[in-house]
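The figures here come from the full heavy-atom set of this structure, side chains too, leaving out hydrogens, waters and symmetry mates. In listed order, ligands and their atoms are each counted from 1. All figures in this text were calculated on a predicted structure; none of them were measured in a lab.
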Amino acid sequence: MAAAGLLLLLAALSPAALGRGEQRGAPGRIAVVGGGIGGSAAAYFLRQKFGRGVRIEVLEREAVGGRLATLEVEGEGYEAGGSILHPLNLHMKHFVKELGLSAAPVSGSLAGIYNGEEFVFEESSWYIINVLKLLWRYGLNPLRMYMWVEDILDKFMRIYRYQTHDYTFSSNERLLHALGGNDFTRMLNQTIDEAMQKASFSHKFINEVVCPTMRDYYGQGVNINGFVGAVSLAGAESGLWSVKGGNKLVCTGLIYASKAEVISGTVLSIEPKTRPRSTGDPVNLYQVTYNTMAGVTGDTYDIVVIAAPLNSKIANITFKNFNPPVPEFSSPYHQIIVTFVHGRLNTSFFGYRDPSAFRFGAIFTTENPKLFINSLGVVSPVEKKGEGGKLPTQLAVWKVFSGEALTKEQLGLLFSSYDSVKVKKWLAYPHYSPPEKCPPIVLHDKLYYLNGIEWAASAMEMSAIAAKNAALLAYHRWYGNAEMIDQEDLYEKLKTEL
Ligand SMILES: Cc1cc2nc3c(=O)[nH]c(=O)nc-3n(C[C@H](O)[C@H](O)[C@H](O)COP(=O)(O)OP(=O)(O)OC[C@H]3O[C@@H](n4cnc5c(N)ncnc54)[C@H](O)[C@@H]3O)c2cc1C
Ligand SMILES: *[C@@H]1O[C@H](CO)[C@@H](O)[C@H](O)[C@H]1NC(C)=O
Ligand SMILES: *[C@@H]1O[C@H](CO)[C@@H](O)[C@H](O)[C@H]1NC(C)=O
Ligand SMILES: *[C@@H]1O[C@H](CO)[C@@H](O)[C@H](O)[C@H]1NC(C)=O
C-alpha cells in the first residue's frame with residue numbers, strides 16, 4: 001500500500017506532469033484543408049497523436065490525392081503528377097506497408113542526354129561500358145556526386161529519429177538546421193550550380209548531368225536552390241519505386257485509416273473566434289468558411305492544419321481579422337505541362353535516321369532555348385508498374401514534360417505518328433530562386449501550415465515529413481509540452497540516449 005502511494009506521488013512529480021502548466025482536455029474538432037499527401041498524412045498522424053475522441057475533417061475542393069493523380073490514356077491509368085519515390089523515403093514506405101499496398105520498382109529504360117543537336121551521353125545496356133563512358137567524359141565527378149548526395153541524405157535521415165522520439169520544430173528553417181546545421185540552411189541561400197561549383201564539380205558535368213536531372217524533376221535548371229537540387233540528384237539513384245495502382249492510393253488509404261471525414265468544398269476564409277463559456281475561460285476557435293455544391297457554409301474548429309499551397313492561384317484563402325495579420329504568400333509556383341502521347345517517336349528529330357538504332361526510353365535535355373521540352377520517357381500504366389516498358393521504337397505511351405503546352409507542329413516533330421494525346425497542366429512546385437525563405441509553419445496560435453517546406457524541396461516525402469511535424473507540433477502546443485519543441489543539439493542528445 002505504502003509503495004503504491006509513493007509511486008503515485010512520484011508520478012505526480014514527474015516532469016511530464018509538471019510541464020503541463022494548464023491541464024486541458026482533448027480538442028473536439030480539427031480541420032485539415034487539402035486532401036493531398038500532406039493533408040491525408042496529417043489526418044493520419046493527428047489521429048495517432050490525439051486519439052479516437054477528436055473529430056477530424058478533411059476539406060478538399062477536388063479529388064483526394066491532389067498532385068498525386070492519374071490520367072487515362074487508351075483505357076489505362078498513368079501517373080500524371082508525383083511519380084517517383086526514393087528507397088529511403090521512410091514515411092511513404094511505412095504508409096504503403098501499413099495500408100497493404102505494394103511498391104513496384106521504377107523500370108529503367110536506357111537514358112540519353114540530348115543537347116538540342118546531339119546526344120552528349122548515351123547509356124548502354126552494359127554496366128561496365130557506362131562506367132567507362134562516365135569516367136571518360138566526366139572523370140571522378142559522378143562518383144564524387146554520389147558521395148556528396150549520400151552525405152546530405154545521411155543527415156536528412158536524422159528527421160526519422162527525431163520524429164520517432166516525438167520531437168518537433170516550429171519552423172522549416174529550424175527543422176533543416178536540426179538536420180544539417182548551417183550547411184543545410186545555407187543550401188537554401190545558394191543555387192545548386194554555386195553549391196557544386198564550390199565543391200569543385202566541373203562545368204561540363206553540371207551542364208550535362210546535373211542540369212538535365214533538375215529539368216526533369218523540377219522543370220527548372222541549375223538556378224534552383226542547393227537543397228532541392230540535392231533532392232533531385234538523389235532521385236537519380238537506384239532503387240527508385242512507386243505505388244502499384246497509383247501513388248494517390250496512399251492518400252485515400254491514409255484518410256480511411258485515420259477515420260477522418262472528407263468534406264467536398266473549397267475553403268474561402270478562416271477567422272479566429274472567441275466563444276464565452278459558462279464555466280471558466282472562453283474558448284478560442286477558428287471559423288472556417290467553405291463553398292460546397294449546396295452553397296457557402298462553414299464550421300468552427302479548435303485546430304486547423306492547412307495542407308495546400310497558399311497562393312492566390314492555388315489555395316486562395318482569406319485570413320480575416322487576425323491580429324497580427326497572417327502574411328500574404330505570393331511567391332509563384334512553376335507551371336509544368338505533362339503530355340501523354342500514344343505514338344511512335346520521330347527518331348530523326350533526335351538525329352537518328354535509322355529508328356532501329358534508337359534505344360532510349362528516357363530522354364533528358366540540357367539547357368538550350370531552342371528546346372521546347374524538358375524531358376520525355378516511355379511509361380507503364382499504374383496497374384502494370386514494374387513489368388518493364390516497351391521498346392522505344394514500338395508504339396508506346398510517352399510522357400513529355402514541357403514548360404508550355406505543345407503545339408500540333410511540335411507534336412508532329414517529336415512523333416512520326418500518334419493517335420491520342422492527353423494533357424495535364426500543373427502549378428507543380430515552387431518556382432525556385434534562392435536565397436529562399438520558407439513560409440512559417442505556425443500561422444497563428446493553433447493554425448498550422450504544411451506547404452512552406454516545399455520551398456526547401458517539394459516532394460511526396462517532404463509533405464509527409466511536414467505532416468508528422470505539424471501533427472506533433474499541434475499536439476505538443478495543445479498540451480504545453482514545450483520540451484518537445486525546437487530542441488537544440490537533438491542529434492547528440494538522442495545519440496547518447498540509445
Ligand atoms: C508533374 C509533377 C511531378 C512530380 N514528381 C514528383 C516525383 O517524382 N516524386 C516526388 O516525391 N514528388 C513529385 N512531385 C511533387 C509532389 O507531387 C508534391 O510535392 C506533393 O504531391 C504535394 O502534396 P501536398 O499534399 O503537399 O499538396 P497537394 O497535392 O497540392 O494537395 C493540396 C490539396 O488541397 C486542395 N485544395 C487547394 N486549395 C483548396 C481550398 N481552398 N479548399 C479545399 N481544398 C483545397 C487541392 O485540390 C489538393 O488536393 C511532382 C509534382 C508534379 C506536379
Ligand atoms: C541565408 O540568407 C539570409 C538572408 O537572405 C540570412 O538571413 C541567413 O543568415 C543566411 N543563412 C546562412 C546559413 O547563411
Ligand atoms: C482570391 O480571393 C479573393 C477574395 O475572395 C478574390 O477577390 C480574388 O479575386 C481571388 N483571386 C483569384 C486569383 O482567384
Ligand atoms: C521528324 O524530324 C525531322 C527532323 O527534325 C523533321 O524534318 C520531320 O518533319 C519530322 N517528322 C516526321 C514525321 O518525320
Side-chain angles (χ1 to χ4, degrees), residues 31-43 58-69 71 79-86 89 92 106 173 176-177 180-190 216-219 225 228 231-232 234-235 240-242 247-248 250-251 254 262-270 288-292 296 306-320 328 330 333-338 374-375 399 401-402 424-430 434-437 449-454 457-467:
V32 176
V33 182
I37 186 63
S40 54
V58 175
L59 296 147
E60 170 56 59
R61 69 167 176 206
E62 282 168 50
V64 164
R67 275 173 277 171
L68 307 186
L71 207 62
E79 216 62 86
S83 334
I84 293 167
L85 291 149
H86 188 273
N89 286 168
M92 289 300 290
V106 169
E173 272 82 5
L176 288 175
H177 195 268
N182 285 338
D183 288 354
F184 261 38
T185 40
R186 206 173 296 123
M187 277 201 281
L188 298 189
N189 278 5
Q190 50 183 226
D216 179 48
Y217 271 106
Y218 291 101
N225 80 65
V228 67
V231 167
S232 3
L240 302 175
W241 61 283
S242 73
N247 294 334
K248 68 175 181 186
V250 175
C251 303
L254 286 173
V262 179
I263 297 176
S264 292
T266 304
V267 173
L268 304 173
S269 67
I270 302 176
V288 177
T289 304
Y290 52 90
N291 200 355
T292 67
V296 175
I306 299 175
L310 287 174
N311 175 306
S312 64
K313 290 187 180 149
I314 308 177
N316 184 20
I317 298 172
T318 309
F319 295 96
K320 283 187 188 158
E328 270 210 37
S330 53
Y333 267 59
H334 192 80
Q335 172 178 293
I336 285 292
I337 310 285
V338 181
N374 297 339
S375 64
K399 183 180 185 180
F401 287 106
S402 57
K424 175 80 192 172
K425 176 172 154 182
W426 294 105
L427 282 173
Y429 10 66
E436 222 85 76
K437 205 174 157 353
Y449 180 40
L450 252 56
N451 293 70
I453 207 164
E454 285 194 71
S458 172
M460 292 175 248
E461 185 71 9
M462 295 301 286
S463 289
I465 286 170

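- Looking at heavy atoms from C-beta onward, His334 lies out of side-chain contact with Leu427 at the 4.5 angstrom threshold.
- Residue contacts with ligand 3: Asn316 is placed with a nitrogen or oxygen under 3.5 Å of a nitrogen or oxygen of the ligand (distance criterion only).
- By the definition of a contact as any protein heavy atom under 4.0 Å away, atom 9 (O) of ligand 2 is not in contact.
- Here the CD1 atom belonging to Ile453 is positioned 10.0 Å from the CD atom belonging to Glu173, to the nearest 0.5 angstrom.
- Ligand-side atoms of ligand 1 in range of Ala308: 32 (C), 34 (O), 36 (N), 37 (C), 38 (N), range being under 4.0 angstrom from any heavy atom.
- In terms of protein heavy-atom proximity, atom 4 (C) of ligand 3 is closest to Thr318 OG1, 3.9 Å.
- The N/O atoms of Tyr429, backbone and side chain alike, include none that comes under 3.5 Å of an N/O atom in ligand 1.
- Under a 3.5 Å cut-off, the side chain of Tyr449 and the backbone N or O of Leu310 do form a donor-acceptor pair.
- Considering backbone and side-chain atoms alike, Gly38 places an N or O below 3.5 Å from some N or O of ligand 1.
- Annotation for ligand 1: atoms under 4.0 Å from non-hydrogen atoms of Leu59 are 43 (C), 44 (N).
- For ligand 1, the atoms sitting less than 4.0 Å from at least one non-hydrogen atom of Ala315 are 38 (N), numbered in the order shown with element in parentheses.
- Here atom 8 (O) of ligand 1 lies nearest to Ile84 when heavy atoms of Asn291, Ile84, Val58, Ile337 are compared.
- No donor-acceptor pair under 3.5 Å is formed between the side chain of Arg67 and the backbone N or O of Gly82.
- Here is the list of ligand 1 atoms found below 4.0 Å of a heavy atom in Thr266: 41 (N), 42 (N).
- In this structure, the separation between CG on Leu188 and CG on Leu176 is 5.5 Å, given to the nearest 0.5 Å.
- Side-chain atoms of Glu461 come within 3.5 Å of backbone N or O of Met92 as a donor-acceptor pair.
- Taking only nitrogen or oxygen atoms, main chain and side chain alike, Ser463 reaches within less than 3.5 Å of ligand 1.
- Judged by distance alone, the side chains of Lys320 and Thr289 never bring a donor and an acceptor atom under 3.5 Å apart.
- Less than 4.0 angstrom separates atom 14 (O) of ligand 2 from at least one non-hydrogen atom of the protein.
- Looking only at distances, a side-chain donor or acceptor of Tyr218 sits under 3.5 Å from a matching main-chain atom of Ser458.
- Side-chain atoms of Ile306 and Ile270, non-hydrogen and from C-beta on, do get closer than 4.5 Å to each other.
- Summary of contacts: the protein heavy atom closest to atom 1 (C) of ligand 2 is Asn189 ND2, 1.4 Å.
- Within the 4.0 Å heavy-atom cutoff, Ala80 counts among the residues contacting ligand 1.
- Of the protein's non-hydrogen atoms, the one nearest atom 2 (C) of ligand 1 is Gly81 C, 3.7 Å.
- Taking atom 5 (O) of ligand 2 as the reference point, the nearest protein heavy-atom neighbour is Pro435 CB, 4.0 Å.
- Of the possible donor and acceptor atoms, none in the side chain of Asn451 sits under 3.5 Å from a partner among the backbone N and O of Glu454.
- Against a heavy-atom cut-off of under 4.0 Å, Gly66 is close to the following atoms of ligand 1: 29 (O), 48 (C), 49 (O).
- Under the 4.5 Å side-chain criterion, counting only non-hydrogen atoms from C-beta, Lys399 is in contact with Val338.
- Near Thr185, with a cut-off below 4.0 Å to any heavy atom, the atoms of ligand 2 are 13 (C).
- Under a 4.0 Å criterion applied to the non-hydrogen atoms of Gly265, ligand 1 contributes the atoms 42 (N), 43 (C).
- Nearest protein heavy-atom contact of atom 49 (O) of ligand 1 is Glu60 OE1, 2.6 Å.
- Remark: minimum distance from atom 18 (C) of ligand 1 to any protein heavy atom is reached at Ser458 OG, 3.9 Å.
- A donor-acceptor contact shorter than 3.5 Å links the side chain of Trp241 to the backbone of His86.
- Taking CD from Glu328 and CG from Asn311, the interatomic distance works out to 10.0 Å, rounded to the nearest 0.5 Å.
- Scanning the protein heavy atoms around atom 41 (N) of ligand 1, the nearest turns out to be Val267 O, 3.1 Å.
- Checking side-chain atoms of Glu79 against main-chain N and O of Asn247 turns up a donor-acceptor pair under 3.5 Å.
- Here the SG atom belonging to Cys251 is positioned 4.0 Å from the CD1 atom belonging to Ile37, to the nearest 0.5 angstrom.
- Among Met460, Gln335, Met92, the residue whose heavy atom lies nearest to atom 10 (C) of ligand 1 is Met460.
- Between atom OH of residue Tyr290 and atom CG of residue Leu268 there is a gap of 11.0 Å, rounded to the nearest 0.5 Å.
- Residue Asn451 has at least one nitrogen or oxygen atom sitting less than 3.5 Å from a nitrogen or oxygen atom of ligand 1, judged on distance alone.
- Here is the list of ligand 1 atoms found below 4.0 Å of a heavy atom in Ala428: 53 (C).
- Looking only at heavy atoms of the protein, atom 32 (C) of ligand 1 is closest to Ala307 O, 3.4 Å.
- On a distance-only criterion, Ser83 and ligand 1 share at least one N/O pair closer than 3.5 Å.
- Looking only at side-chain heavy atoms (C-beta outward), Ile336 and Tyr429 come within less than 4.5 Å of each other.
- Listed for the Thr318 side chain is no donor-acceptor partner under 3.5 Å among the backbone atoms of Asn316.
- Looking at ligand 1, you'll find an N or O of Ala459 within less than 3.5 Å of one of its N or O atoms.
- At the shortest separation from atom 29 (O) of ligand 1 among protein heavy atoms lies Arg67 N, 2.7 Å.
- Between Ile37 and ligand 1, an N or O atom pair is found at a separation short of 3.5 Å.
- For Arg61, a nitrogen or oxygen atom sits less than 3.5 Å from a nitrogen or oxygen atom of ligand 1, counting backbone and side chain alike.
- If you take CD1 on Ile465 and CE on Met460, they are separated by 13.0 Å, rounding to the nearest 0.5 Å.
- Ranking protein heavy atoms by distance to atom 14 (N) of ligand 1, first place goes to Gly82 CA, 3.7 Å.
- The protein heavy-atom contact nearest to atom 31 (O) of ligand 1 is Gly36 CA, 3.6 Å.
- Each of the atoms 12 (C), 13 (C) of ligand 3 lies under 4.0 Å from some heavy atom of Ser312.
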